[in-house]
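One structure below.
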Amino acid sequence: MTDQSAGDIDIEKFEVLLSAGQIETRITEMAEVISKDYRGKRPLLIGILKGAVIFLSDLIRSLTVPLEIDFIAVSSYGDATASSGVVRILKDLEQSIQGKDVLIVEDIVDTGLTLNYLVENLGSRQPNSLKVVTLLDKPDRRKVKFEPDYCGFIIPDRFVIGYGLDYGEDYRQLSDLRVLND
Ligand code: 5GP
């Protein structure tokens, strides 16, 4: 729509990288694999705030195993698009993960610093198992060696917005994934 009322966001200027339909189809496929891998278990899915909330909520509705959810918030980029390299827990889990089958749910792996830190931190809390699922992966940007267990899409080195991902807290509500222009 071009006739937007004042205050509406203008998303047409951002190129679509992945449509809502493509994302939905891929999440259904991922959920099938994950449900199979966790059959007979009751995984605890840990969403990384805030970017992963949309992915987590769509993913869990396609999973067929019983599960629990919790959230953790870590500092990352602030309001800029360049990584600071410093990871800090801003909001911790509400429960012990000892003996649990933990699946960390992330929106995007970029430098790998966030997940590298979280896997080490959560791994030290003695879960029964610890895996990572990410919707998006930008392997070209890695600063540390990190490989997610499940990945939705490998994408090029572009800054993306939508489907939970923000730019200065804007655009999380877009149902497709778009590229932020320079
Ligand atoms: P890493 O620690 O792997 O460099 O960064 C992970 C975090 O950086 C993600 O959870 C996300 O918040 C942010 N990030 C990395 N790349 C992008 C991107 O292309 N768009 C947005 N909106 N955030 C990104």
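Side-chain atoms are counted along with the backbone in the values below, which use heavy atoms only and exclude waters and symmetry mates.
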Supply the atom-to-atom distance [X] [atom1] to [Y] [atom2], rounded to the nearest 0.5 angstrom.
{"X": "Phe153", "Y": "Met30", "atom1": "CZ", "atom2": "CE", "answer": "8.0 Å"}
{"X": "Ile23", "Y": "Leu136", "atom1": "CD1", "atom2": "CG", "answer": "7.5 Å"}
{"X": "Asp107", "Y": "Leu135", "atom1": "CG", "atom2": "CG", "answer": "8.0 Å"}
{"X": "Ile108", "Y": "Leu115", "atom1": "CD1", "atom2": "CG", "answer": "11.0 Å"}
{"X": "Arg141", "Y": "Leu113", "atom1": "CZ", "atom2": "CG", "answer": "10.0 Å"}
{"X": "Glu15", "Y": "Leu177", "atom1": "CD", "atom2": "CG", "answer": "10.5 Å"}

Side-chain polar contacts of residues 38-52 - donor-acceptor pairs under 3.5 angstrom, sequence neighbours left out - could you list them?
from  : atom 1 : to     : atom 2 : distance (Å)
Arg42 : NH1    : Glu68  : OE2    : 3.1
Lys50 : NZ     : Glu169 : OE1    : 3.2
Lys50 : NZ     : Glu169 : OE2    : 3.3

Mind checking what makes salt bridge (charged side-chain N to carboxylate O under 4.0 Å, His left out) contact with [X], not counting sequence neighbours?
{"X": "Asp92", "value": "Arg125"}
{"X": "Glu94", "value": "none"}
{"X": "Asp140", "value": "none"}

Count I, L, V, M, F, W, Y as connected when their side-chain heavy atoms are under 4.5 Å apart, and connections chain through other members. Are [X] and [Y] then in the same cluster?
{"X": "Ile154", "Y": "Val160", "answer": "no"}
{"X": "Leu165", "Y": "Phe71", "answer": "yes"}
{"X": "Ile104", "Y": "Val33", "answer": "no"}
{"X": "Leu122", "Y": "Val133", "answer": "no"}
{"X": "Leu118", "Y": "Val109", "answer": "yes"}

Residues two or more places apart in sequence or in another chain: which of them pass side-chain contact (heavy atoms from CB on, under 4.5 Å) with [X]?
{"X": "Gln22", "value": "Leu18, Ser19"}
{"X": "Gln98", "value": "Ser96, Gln126"}
{"X": "Pro148", "value": "Val132, Thr134, Asp137, Arg142, Phe146, Cys151"}

Is a salt bridge present between Arg178 and Asp176, judged by a nitrogen-to-oxygen distance below 4.0 Å? yes
Per the salt bridge (Lys or Arg N to Asp or Glu O under 4.0 Å) rule, what does the pair list look like for residues 28-38, sequence neighbours excluded? Arg26-Glu29
Side chain to side chain donor-acceptor pair (under 3.5 Å) filter on Asn116, not counting sequence neighbours, yields none
Main-chain N/O of Arg158 paired to Lys138 side chain as donor or acceptor, under 3.5 Å: yes
So does Ser35 get a backbone contact from the side chain of Thr64, meaning a donor-acceptor N/O pair under 3.5 Å? no
Can you confirm whether more than 12 heavy atoms, excluding those of Gln95, are under 6.0 Å from its CD atom? yes
Review item, side-chain donor-acceptor pairs of residues 55-63, under 3.5 Å, at least two apart:
from  : atom 1 : to     : atom 2 : distance (Å)
Ser57 : OG     : Val53  : O      : 3.0
Ser57 : OG     : Ile54  : O      : 3.0
Asp58 : OD1    : Arg61  : NH2    : 2.8
Asp58 : OD2    : Tyr163 : OH     : 2.5
Arg61 : NE     : Ser57  : O      : 2.9

Pairs in or reaching into residues 110-130: which pass ring pair (Phe, Tyr, Trp, His ring centres under 6.0 Å), with residues at least two apart or in two chains? none
Mind jotting down which residue pairs meet the ring pair (Phe, Tyr, Trp, His ring centres under 6.0 Å) criterion with at least one end in residues 8-29? Sequence neighbours excluded, please. Phe14-Tyr171
Might you point out which heavy atoms bring Tyr150 and Lys131 nearest each other, and give the distance in Å? OH-NZ, 3.2 Å
